[in-house]
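We're numbering straight along the sequence, starting at 1.
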Amino acid sequence: QVQLVETGGGLVQTGGSLRLSCAAPGRIFTNYHMYWFRQAPGKEREFVSAISWSGSSTDYADFVKGRFTISKDNAKNTVYLQMNSLKPEDNAVYYCADSTRWSRYVIEYWGKGTLVTVSS
């Protein structure tokens, strides 16, 4: 079974940084575009960032531009989300996802999520 496994979540203070990782062991990683979503308590899941299979294209939600950076290492079958200048409103479970299409609305697989908590 295909598995996407997120790690790197935790508790940080406002203004701090975290780097999330998403690994897909044994997967043909270059066949898929990779995405990050998040879901805060009591709210709907929302798009955060995306990166194309080649890494040549990226996309960010407006509320993270200038603070978050998405990247990937195809040799390691891993995608990253570097999160800087974290705010309490960034509190959420962060999910890794993939798709063969360049569309946030056509997701093939979802990870289990990793919790990010930002204290004020």
Salt bridge (charged side-chain N to carboxylate O under 4.0 Å, His left out) between D90 and K87, intermediate numbers included: CA-CA 5 Å; D90 295 317; K87 308 172 182 179; over 6 Å; no
Given side-chain hydrogen bond (donor to acceptor under 3.5 Å, both in side chains), test N91 with T117 step by step and report yes or no. CA-CA 5 Å; N91 287 345; T117 303; 5.0 Å; no
D59 vs R104, test: side-chain contact (heavy atoms from CB on, under 4.5 Å). Steps then yes/no. CA-CA 10 Å; D59 194 18; R104 69 187 70 173; 2.9 Å; yes
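Put simply, the side chain of F68 does not reach to within 4.5 Å of the side chain of N84, judged on heavy atoms. Put simply, the side chain of M83 reaches to within 4.5 Å of the side chain of Y94, judged on heavy atoms. In this structure, the side chains of P25 and Q3 stay at 4.5 Å or more apart for every pair of heavy atoms. Side-chain contact between T58 and S49 is absent, with no heavy-atom pair separated by less than 4.5 Å.
Between W102 and Y35, the two ring planes are tilted [angle within 30° to 60°].
In this structure, V79 and S71 approach most closely via the heavy-atom pair CG2-O, 3.1 Å. Between C96 and E6, the shortest heavy-atom distance links the atoms N-OE2, 2.7 Å. The two residues L4 and A24 come nearest to each other via the heavy atoms CD2-CB, 3.7 Å. The minimum heavy-atom distance linking W110 with F37 is given by the pair CZ3-CD1, 3.5 Å. Nearest approach of W53 to T30, heavy atoms of both residues: CB-O, 3.1 Å. Taking every heavy atom of both residues into account, G8 and T114 meet most closely at N-OG1, 4.2 Å.
Clustering ILVMFWY residues whenever any of their side-chain heavy atoms sit less than 4.5 angstrom apart, transitively, puts L86 in the very cluster that holds F63. One hydrophobic cluster holds both V64 and V12 under the rule that ILVMFWY side chains link at heavy-atom gaps under 4.5 Å. Criterion: ILVMFWY side-chain heavy atoms under 4.5 Å apart, direct or through other members. Under it, L18 and M34 are part of a common hydrophobic cluster. Following chains of ILVMFWY side-chain contacts shorter than 4.5 Å, one cannot reach V93 starting from V48, and the two form parts of different hydrophobic clusters.
With rounding to the nearest 0.5 Å, the separation of SG in C22 from CG in D98 is 8.0 Å. The line from OG of S21 to NZ of K72 is 14.0 Å long, rounded to the nearest 0.5 Å. Here E44 contributes atom CD and Q39 contributes atom CD; the two are 8.0 Å apart, rounded to the nearest 0.5 Å. Between the CZ atom in R101 and the CD1 atom in I107 there is a gap of 10.5 Å [rounded to 0.5 Å]. Residue K112 holds its NZ atom at 16.0 Å from OG1 of T7, rounded to the nearest 0.5 Å.
Checked by atom type and distance alone, the side chain of T78 pairs as donor or acceptor with a backbone atom of K76 at under 3.5 Å. In this structure, Y60 contributes its side chain and I70 its backbone to a donor-acceptor pair below 3.5 Å.
Environment of CD in Q13: sparse, with no more than 12 heavy atoms of neighbouring residues, nucleotides or ligands closer than 6.0 Å.
Paired with Y80 under the rule side chain to side chain contact (heavy atoms under 4.5 Å, CB included), one option of L20, T69, I51, D73 passes, and it is D73.
With sequence neighbours excluded, no residue forms a side-chain hydrogen bond (donor to acceptor under 3.5 Å, both in side chains) with R19.
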